[in-house]
Protein chains: 2
Amino acid sequence: MSRSGADLALLLLGGFRTLADRATVELAARGYEDIRPVHDFALQAILTGADNASELGRRMSVTKQSAAKTIAVLESRGYVERRPDPTDRRRMHIEVTDRGHTMLREGAAIFDDLRQQWETQVGAGAVEQLERTLRQLLGDTTTRLDTPGWLVQDLGGES
Amino acid sequence: MSRSGADLALLLLGGFRTLADRATVELAARGYEDIRPVHDFALQAILTGADNASELGRRMSVTKQSAAKTIAVLESRGYVERRPDPTDRRRMHIEVTDRGHTMLREGAAIFDDLRQQWETQVGAGAVEQLERTLRQLLGDTTTRLDTPGWLVQDLGGES
DNA sequence: AATTTTGGACAGCCAGGTTGTCTATTTGAG
DNA sequence: CTCAAATAGACAACCTGGCTGTCCAAAATT
């Protein structure tokens, strides 16, 4: 029964939110309470070369001002440090701290874990198939994951 | 090659964004320039019984204040009308206007169209499989699609 | 009749984007 | 070598779309 296209969109969003929300909860449980997936991804971008605000902005498809704000948050939380670039005095070089590295590792582990849970639910083949289809559909589209204010939601504490 | 769980999350988000962004563009092209999928979904909720702010809030898992804001937007754009409920003078009854109905139909058509495009890209079977898997994984989780500020993005006008 | 619940509105706050403006520095053209 | 253009970053002001808190009027319940 071919459902509507809107349903399909909702399912995709639901899938992402489920993963992201659970990851947020897990991260919080491990002591990274003030962090959401966006920060995780930003950190990853920084680690892989986007070591200044302008470049980070380009990578994440947001303005450099927004990128600077994100960096400020990461810095205040102790995940990165900023220091003047010795060769270009306009730049502030961004470096991921030890805490940042650790958080990144934990984050990746959590996501991998979630993926595995899904595999036990529907079989590894189904998850792979899902990924393959999506990859094929999206091609090389870069996904910007900006301003998901909703990632910060309560997540329904089991009060 | 089993990629990381984070990739999977990004793919899901990317899939949703692709659909949502394209739908926004299409809607705009058809004269609904000030509308994003959230409004579409809110309208749908209103149509199916959430005919007052408090109820709409419950349906969309947001506060009644937020729901009221959304309604105010929809009203100012002419998609709904508010009129006092004759039987309960606390309530403002919300009604979808003709324009609202039309927009809803167009929106659904657009999403269906996008889905069909995907089917021609990867085959109807793959899309169905993807849906089946996601449905299985998500179960009866209700997806809240609040505050996607990012749905409003430029979408890279082809200047 | 009095209390509790509910619907709605208003104010103020926050996050995370945006544009616009400005300075310092580097780069590149002539 | 000099001067113009591009780039990095910061600051301010604004917008959207959530949130909480407070408050009032109208049900609903006791």
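We use all heavy atoms of the structure for the numbers below, so side chains are in, but hydrogens, waters and symmetry mates are not. Order of the sequence lines sets the chain letters (A, B, ...), proteins ahead of strands, with each chain counted from 1. As the structure is a computational prediction, the values presented were derived from the model and not from experiment.
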Practice item. List for me each residue that meets side chain to side chain contact (heavy atoms under 4.5 Å, CB included) alongside His101(B), sequence neighbours excluded, and say none if there are none. Key: Leu47(B), Val96(B), Arg105(B)

Check your understanding: By side chain to side chain contact (heavy atoms under 4.5 Å, CB included), which residues pair with Arg30(B), not counting sequence neighbours?
Key -> Glu26(B), Tyr32(B), Glu106(B), Ile110(B)

Revision key, fill the gap. Taken to the nearest whole Å, CZ/Arg17(B) to P/dG17(C) is 11 Å

Exercise for review: Within residues 71-78 of chain B, find the residues that approach DNA chain C with a heavy atom at under 4.0 Å, and present them sorted by residue number.
Suggested key: none

**Study point:** All pairs passing salt bridge (charged side-chain N to carboxylate O under 4.0 Å, His left out) where residues 40-60 of chain B contributes a residue, at least two apart
**Key:** Glu55(B)-Arg58(B), Glu55(B)-Arg59(B)

Practice item. Check side chain to side chain donor-acceptor pair (under 3.5 Å) between Thr87(B) and all other residues, then give those that pass, not counting sequence neighbours. Key: Asp85(B)

Exercise for review: Determine which pairs satisfy salt bridge (charged side-chain N to carboxylate O under 4.0 Å, His left out) with at least one residue from residues 60-74 of chain A, sequence neighbours left out, and list them in order.
Suggested key: none

Study note, to complete from the structure: Value for CG (Leu134(B)) from CZ (Phe16(A)), rounded to nearest 0.5 Å, stands at 13.5 Å

Point to revise | Residues in side chain to side chain donor-acceptor pair (under 3.5 Å) contact with Arg82(B), at least two apart in sequence or another chain | key: Glu75(B)

Exercise for review: Starting from P on dG8(C), measure out to NZ on Lys69(B) and report it in whole angstrom.
Suggested key: 17 Å

Practice item. Taking only the side-chain nitrogens and oxygens of Arg36(B), find out if one of them lies under 4.0 Å from OP1 or OP2 of dG17(D). Key: yes

Review point. Is there side-chain contact between Asn52(B) and Met92(B), with heavy atoms separated by less than 4.5 Å?
Key: no

Exercise for review: Check the distance between dG16(C)'s P and Met60(A)'s CE and give it to me in whole angstrom.
Suggested key: 11 Å

Exercise for review: Nearest whole angstrom, please: distance from the P of dA8(D) to the CG of Asp51(A).
Suggested key: 11 Å

Practice item. Identify, with sequence neighbours excluded, every residue that meets side chain to side chain contact (heavy atoms under 4.5 Å, CB included) alongside Arg89(B). Key: none

Practice item. State which residues pass side chain to side chain contact (heavy atoms under 4.5 Å, CB included) with Val122(A); sequence neighbours excluded, sorted by chain then number. Key: Ala126(A), Val127(A), Thr133(B), Gln136(B), Leu137(B)

Revision key, fill the gap. Residues passing the side chain to side chain donor-acceptor pair (under 3.5 Å) test with Ser54(B), sequence neighbours excluded, are none

Exercise for review: Output the residues of residues 80-93 of chain A in contact with DNA chain D, where contact means a heavy atom of the residue under 4.0 Å from an atom of the strand; sort by number or write none.
Suggested key: Arg82(A), Arg90(A), Arg91(A), Met92(A)

Review point. Expressed in angstrom and rounded to an integer, what is the separation of Arg58(A) atom CZ from dA6(D) atom C1'?
Key: 11 Å

Between the protein and nucleotides 20-23 of chain D, list every N/O to N/O distance that falls short of 3.5 Å.
from, atom 1, to, atom 2, distance (Å)
dG21(D), O6, Gln65(B), NE2, 2.6

